[in-house]
Amino acid sequence: MEGPSLVISVEELSRFFRKKVTESTTPDSLKGLTGRTFKGARSWGKHLILEFTGCILRIHFLMFGSYRINQPRENRIPKLELGFKADRVYFYSCAIKEITAELVESYDFRTDLMSDAWEEKRVLTLLKPKQEKLVCDVLMDQEIFSGLGNIMKNEILFRRRLHPETVLGALRGPEQKRLVRDCRKYSFQFYEWKKANVLKRNWLIMRKKACPACGGKVVKKPTGVLKRLSHFCPKCQKKRLNQE
DNA sequence: TGGAATGTTGGAAC
DNA sequence: CGTTCCAACATTCC
């Protein structure tokens, strides 16, 4: 699950803010939640932060995680279940950890692509020491582009016609700033499409056989240090040379 | 229908 | 001690 989906989850959970947890099932490693008030939720990148009286949980959905409200999955045991009178929230296949208020304070929302506190200038500062790295790795760096996932990476690079293995420093003049703005803009586009349930049909390069621009064959290849699969058109996304 | 994939962590290896 | 690599986890989709 990528950042914009987490923002949607916070919106869906907002109806339970300030409500008392009347029932709950939690992993043994966590405190009980029954009787606590669900104070609120927010996201930072791909992290979902749930605040209860006397307990803060951080949920990460990783690749396969999901949540449901009042519609449990059949034959699946949720990792965490929250009851609010007649309503139930279920969290499946996710990593859940209790965290401290101090840790939440330390999250830098200036890098969170969906946050009001996001700052282009801050991101550009963090990019300065990354000029030798490949753009496919840099975009996936959660300390710089918090919430950006592999789908977003591939779509953003295709739209800007950048080869995933382009060295960041090969982007001259205003190009890095443009890429950073693309990331911010595409995050909100992703969010709108996801909410409207039309995300997949708006993919241009992800899991496509042919390039929508030239009709050429889309290459799927693990790229960069991270070795995450990049989908790209080698004709339309030429690799840049790292020079003036 | 087997294999790949919206992701991260922790530990081994070097 | 830093880095790099790999397994582990777990579920949906094509």
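Note on naming: letters A, B, ... go to the chains in the order of the sequence lines (proteins, then strands), and numbering restarts at 1 for each one.
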Could you go through Tyr107(A) and His47(A), starting from their C-alpha distance and side-chain angles, then the distance that decides it, and tell me whether this counts as ring-ring contact (aromatic ring centres under 6.0 Å, His included)?
CA-CA 10 Å; Tyr107(A) 285 130; His47(A) 297 219; 5.7 Å; yes
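- Of the residues in residues 91-99 of chain A, those lying under 4.0 Å from DNA chain C by heavy-atom distance are Ser93(A).
- Of the possible donor and acceptor atoms, one in the side chain of Asn202(A) sits under 3.5 Å from a partner among the backbone N and O of Val198(A).
- The stretch residues 178-187 of chain A does not touch DNA chain B, since none of its heavy atoms comes less than 4.0 Å from the strand.
- Under a 4.0 Å N-O distance rule, the pair Glu165(A)/Lys221(A) qualifies as a salt bridge.
- In this structure, His60(A) atom NE2 and dT9(B) atom C1' are separated by 10 Å, rounded to whole Å.
- Pairing of dG2(C), defined by two Watson-Crick or G-U wobble distances under 3.5 Å, is identified with dC14(B).
- Between Thr166(A) and Leu157(A) the shortest side-chain heavy-atom distance does not fall below 4.5 Å.
- Relative to the six-membered ring of Tyr90(A), Arg88(A) misses at least one condition, a distance below 6.0 Å or an angle of at most 45° to the axis.
- Between Arg207(A) and dC13(C) there is no side-chain N or O to OP1 or OP2 distance below 4.0 Å.
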N/O donor-acceptor pairs under 3.5 Å from side chains in residues 94-101 of chain A, not counting sequence neighbours:
unit_1    : atom_1 : unit_2    : atom_2 : d
Glu98(A)  : OE2    : Lys31(A)  : NZ     : 2.9
Thr100(A) : OG1    : Leu103(A) : N      : 3.1

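- Within the nucleic acid shown, Met206(A) comes within 4.0 Å of sugar-phosphate atoms alone, with no base atom in reach, counting heavy atoms only.
- Taking the centre and axis of the six-membered ring of Tyr92(A), the NZ or CZ atom of Arg73(A) falls inside the cone set by 45° and 6.0 Å.
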